[in-house]
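Written out below as structure tokens is the structure these notes cover.
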Amino acid sequence: MSVTSIKGFADMFPPESDAFTFMEAKAREVFGRCGFVELRTPIVEHTELFCRSIGEETDVVQKEMYTFPDRKGRMLTLRPEATAGVMRAYIQSARHTQEPVSKLFTTGPMFRYERPQKGRMRQFHQINCECLGSSSPYTDAELIVALMTFLQEIGLRDLSLKMNSLGCPSCRAAYKKALIAYLEGLDTELLCDDCKRRMHTNPLRVLDCKQEGCKSLTAAAPTILDYNCPDCRQHFDVVLRMLDAAKVPVTLDSCLVRGLDYYCRTTFEVVSGAIGAQSSVAGGGRYDGLIKQLGGADIPGVGFACGMERLALLLPQREALRPDFFVVAMGQGTQDAAFGLVNSLRRQGFAGDMSHAGGSFKSQMRQADKSRARFCLIIGEEELAQGKVSVKNMLAEGKEQHSVPMAGVAELF
RNA sequence: GCGGAUGUAGCUCAGUUGGCAGAGCACCUGGUUGUGGCCCAGGGUGUCGCGUGUUCAAUCCACGUCAUUCGCCCCA
């Protein structure tokens, strides 16, 4: 083959494409029930938007974005995540002047230049929900319950919800100080190279390091929850209480630190033990300062993103849809009648097919079987002459078959 | 950006101290002028990823390269 797809960019045929359609439909249904409306934003944005929202120092911005100049030299970027574009659209449309709280749902492809591996593509797909305009902890809880309901309704089990509270800018600063003091008190030579650097630039990320050495060193580190100020603590307590009331099991994880700079207070992540190294299937949190930081009003928000490729790896196998019929045409002049019958049935809302290539009777019967249709509709010269169709139930064991008028076939379904 | 593994038929994979290229599945045809699945019999022109080297001879050895994949990292 001369031209192939780009590394990390996948084609999807059934059953994978069916799985994606299914997930999107379920998401619209579940989140729609929870009051979310669908927002579609462009795939390409000004590069600056992502630098300002995700954070200039993050890995995503530093080395993972698809950034390029357009024909007039303006720097554009293929969105690496959805939240920034949603915020931009929200601010640009002055949505907050039309409604006090906006609940927005969006889905589509995202792009990051990373090394592909299981559950990680360069073009990947996310389902996103953002709730803007409410700082209530009930909003955090509602969003998380909606997410867990969605995951349950697409058939996922054995997921765990990890939660943490990063506090507000002021109490987080106090925690950072304490954490740095703790880290400096350790034998820092035992930390990995990344963590030696990170402990000053972004000390919270040291907690999230996967290296065994770092893990054991940080096991006794001060916990961010202990440093949450009374307001933050109370906020988080209400969230946890509401999740408990909603029977959503939660695991507190003081090491859960999100990779994007804009998060504060509630953060959460849904992980699976069953899909390899890329185990995080959904993640999100509160980002109260983000809209203001992007030039909008001082409006709070919470949201999450859900990785569809990773969900697809966990999705239980679903049986493919069974068509209602397959028409077999045999003999002179039968193909026109068969073509008409297929169209008529399809217009009545039934699903089915026929072979346009003809072929032997046996060949057409094999196609009928392969299509998994419930009924095989046979039109031969004899049937044609009588205006009838022989109907064979393909799911029955024996040779059950009977003849019905062509106009009355649909009644059998 | 860094490591490991793997590239042989449409798919999953065998294979040879270096000597004519294999299986299962799938697909097609037939066994039955018009009855699928099960069974049986047939049906393959594969640049053995690509390039270079070693050799009388390379799918096999060496080097390079590209691709895929699993990890690291990062994140959904």
Side-chain angles (χ1 to χ4, degrees), chain A residues 1 4-8 10 23 54 58-65 79-83 107-129 147 151 192-195 198 202 205 208-212 256-260 263 268-272 275-285 303-314 326 328-332 334 355 357 359-384 390-401:
Chain A
M1 192 171 9
T4 59
S5 65
I6 302 167
K7 183 202 269 280
M23 287 189 282
I54 298 171
T58 57
D59 283 3
V60 171
V61 170
Q62 293 262 310
K63 45 191 190 193
E64 294 175 1
M65 296 207 301
R79 62 182 184 194
E81 55 108 42
T83 303
T107 180
M110 311 292 157
F111 305 84
R112 288 184 201 173
Y113 192 93
E114 299 178 272
R115 190 77 175 263
Q117 72 188 66
K118 189 176 186 182
R120 187 172 80 185
M121 292 287 121
R122 287 181 175 177
Q123 174 176 325
F124 60 105
H125 298 77
Q126 289 189 333
I127 290 168
N128 269 78
C129 285
L147 169 61
L151 296 174
C192 70
D193 290 346
D194 282 332
C195 286
R198 281 198 285 238
N202 191 354
R205 289 215 60 77
D208 200 32
C209 186
K210 306 297 187 296
Q211 303 280 329
E212 282 306 323
L256 176 63
V257 173
R258 315 253 60 242
L260 280 40
Y263 288 111
F268 56 92
E269 193 166 301
V270 181
V271 300
S272 160
I275 50 174
Q278 306 300 321
S279 61
S280 169
V281 300
F304 67 78
C306 206
M308 295 180 74
E309 278 78 2
R310 293 181 192 177
L311 294 183
L313 292 171
L314 293 165
F326 190 95
V328 169
M330 202 63 221
Q332 286 294 317
T334 57
S355 167
S360 69
F361 198 87
K362 186 188 189 95
S363 157
Q364 291 192 51
M365 285 305 292
R366 278 181 176 158
Q367 288 179 64
D369 182 58
K370 203 184 151 204
S371 82
R372 307 183 359 107
R374 289 159 56 218
F375 292 99
C376 181
L377 310 179
I378 300 162
I379 302 179
E381 286 171 23
E382 198 175 316
E383 285 89 348
L384 184 63
S390 290
V391 177
K392 182 181 172 75
N393 182 345
M394 299 296 275
L395 303 182
E397 287 290 322
K399 294 200 168 179
E400 176 197 333
Q401 183 171 329

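Chain letters run A, B, ... following the sequence lines, proteins first, then strands; residues in each count from 1.
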Inset, instruction - Examine the base of G34(B) for any acceptor or donor lying under 3.5 Å from a partner atom in the side chain of K392(A), and report the outcome as yes or no. - result: no
Inset, instruction - Give A305(A) one of three labels, base, sugar-phosphate or nothing, depending on what nucleic acid heavy atoms sit under 4.0 Å from its own. - result: sugar-phosphate
Inset, instruction - Let me know the distance between NZ of K370(A) and C1' of C27(B), rounded to the nearest Å. - result: 7 Å
Inset, instruction - Could you check how far CG of L377(A) sits from P of U35(B), rounded to whole Å? - result: 17 Å
Inset, instruction - Could you check which of G37(B), U29(B), A76(B) has an atom nearest any side-chain atom of D369(A)? - result: G37(B)
Inset, instruction - Go ahead and name the base partner of C61(B); Watson-Crick or wobble counts if both distances stay under 3.5 Å, otherwise write none. - result: G53(B)
Inset, instruction - Could you tell me whether G276(A) contacts a base, only the sugar-phosphate backbone, or nothing, with contacts defined as non-hydrogen atoms closer than 4.0 Å? - result: sugar-phosphate
Legend entry - Closest listed nucleotide, where the reference is the side chain of K362(A) and the choices are U29(B), G30(B), G71(B): G30(B)
Inset, instruction - Between G10(B) and G44(B), how far apart are the P atoms? Round to whole Å, please. - result: 14 Å
Inset, instruction - Indicate, with a heavy-atom threshold strictly under 4.0 Å, whether I127(A) touches base, sugar-phosphate, or nothing. - result: nothing
Inset, instruction - State whether the distance check finds a donor on one side and an acceptor on the other, under 3.5 Å, for side chain R120(A) versus base C73(B). - result: yes
Inset, instruction - Report yes if the side chains of E382(A) and M330(A) come closer than 4.5 Å at any heavy-atom pair, otherwise no. - result: no
Legend entry - Complementary nucleotide for U12(B) - Watson-Crick or wobble, under 3.5 Å: A23(B)
Legend entry - Spacing of Q367(A) atom CD relative to C27(B) atom P, expressed in whole Å: 11 Å
Inset, instruction - Answer yes or no: is there a side-chain heavy-atom contact under 4.5 Å between C129(A) and L147(A)? - result: no
Inset, instruction - Pick the P atom in A14(B) and in G7(B), then give their distance to the nearest Å. - result: 7 Å
Legend entry - Phosphate-side-chain proximity, Q117(A) and G71(B), N/O vs OP1/OP2 below 4.0 Å: yes
Legend entry - Contact check, side chains of R122(A) and Y113(A), non-hydrogen atoms, under 4.5 Å: yes
Legend entry - Touch class at under 4.0 angstrom, heavy-atom based, for G380(A) against every strand present: base
Legend entry - Base U35(B) paired with Q364(A) side chain (donor-acceptor, <3.5 Å): no
Inset, instruction - May I ask you to say what E382(A) touches in the nucleic acid, namely base, sugar-phosphate or nothing, with a heavy-atom cut-off under 4.0 Å? - result: base
Legend entry - Note, R120(A) side chain near R115(A) side chain (heavy atom, < 4.5 Å): yes
Inset, instruction - Nearest 0.5 Å please: distance from the CD atom of Q126(A) over to the CD atom of E309(A). - result: 9.0 Å
Legend entry - Pairwise C1' distance, C13(B) and U59(B) [rounded to whole Å]: 15 Å
Inset, instruction - Write down the distance between CG (D59(A)) and P (A76(B)), rounded to a whole number of angstrom. - result: 12 Å
Legend entry - Counter-base of U17(B), judged by Watson-Crick or G-U geometry with both distances under 3.5 Å: none
Inset, instruction - Identify which nucleotide among G71(B), A76(B), G36(B) has an atom closest to any side-chain atom of R115(A), counting heavy atoms from C-beta outward. - result: G71(B)
Inset, instruction - Provide the Watson-Crick or G-U wobble partner of C39(B), both distances under 3.5 Å; none if there is no partner. - result: G31(B)
Legend entry - Nucleotide opposite G46(B) in a Watson-Crick or G-U pair, distances under 3.5 Å: none
Legend entry - D59(A) and E64(A), any side-chain heavy atoms less than 4.5 Å apart: yes
Inset, instruction - Using whole Å, report how far CZ of F268(A) lies from P of C75(B). - result: 16 Å
Inset, instruction - Rounded off to whole Å, could you give me the CE-to-P distance for the M365(A) and U33(B) pair? - result: 15 Å
Legend entry - Integer-rounded Å distance: C75(B) P and I54(A) CD1: 10 Å
Legend entry - Gap in Å between the two P atoms, one belonging to U29(B) and one to C61(B), rounded: 41 Å
Inset, instruction - Can you tell me, in whole Å, how much space there is between the P of U45(B) and that of U55(B)? - result: 34 Å
Legend entry - Residue closer to the 5' end of RNA chain B, E383(A) versus Y113(A) (nearest nucleotide): Y113(A)
Inset, instruction - Could you tell me the separation between the CE atom of M65(A) and the P atom of C75(B), rounded to a whole number of Å? - result: 14 Å
Inset, instruction - When you get a sec, tell me which of G36(B), U35(B), C72(B) is the closest nucleotide to the side chain of Q278(A)? - result: C72(B)
Legend entry - Reference residue E81(A); test side-chain contact (heavy atoms from CB on, under 4.5 Å); the match among N128(A), V60(A), I54(A): I54(A)
Inset, instruction - Choose from U29(B), U35(B), U68(B) the nucleotide whose nearest atom is closest to any side-chain atom of R366(A). - result: U29(B)
Inset, instruction - For M330(A) and for Q126(A), find the nucleotide of RNA chain B with the closest heavy atom, then tell me which residue's nucleotide is more 5'. - result: M330(A)
Inset, instruction - Could you measure between the two C1' atoms, the one in U8(B) and the one in A67(B), and give it in whole Å? - result: 15 Å
Legend entry - Separation of the C1' atoms in A26(B) and A9(B), to the nearest angstrom: 11 Å
Legend entry - Check: V270(A) and C306(A) side chains under 4.5 Å, non-hydrogen atoms: no
Inset, instruction - Would you state whether a donor and an acceptor, one from the side chain of E114(A) and one from the base of G1(B), lie under 3.5 Å apart? - result: no
Inset, instruction - Please state the C1' separation for the pair U52(B) and G1(B) - nearest whole angstrom. - result: 29 Å
Legend entry - Contact under 4.0 Å: S363(A) side-chain N or O vs U29(B) OP1/OP2: yes
Inset, instruction - Respond yes when some side-chain nitrogen or oxygen of S360(A) is under 4.0 Å from OP1 or OP2 of U29(B), and no when none is. - result: no
Inset, instruction - Both distances under 3.5 Å, Watson-Crick or G-U wobble: report the partner of A67(B), or none. - result: U6(B)
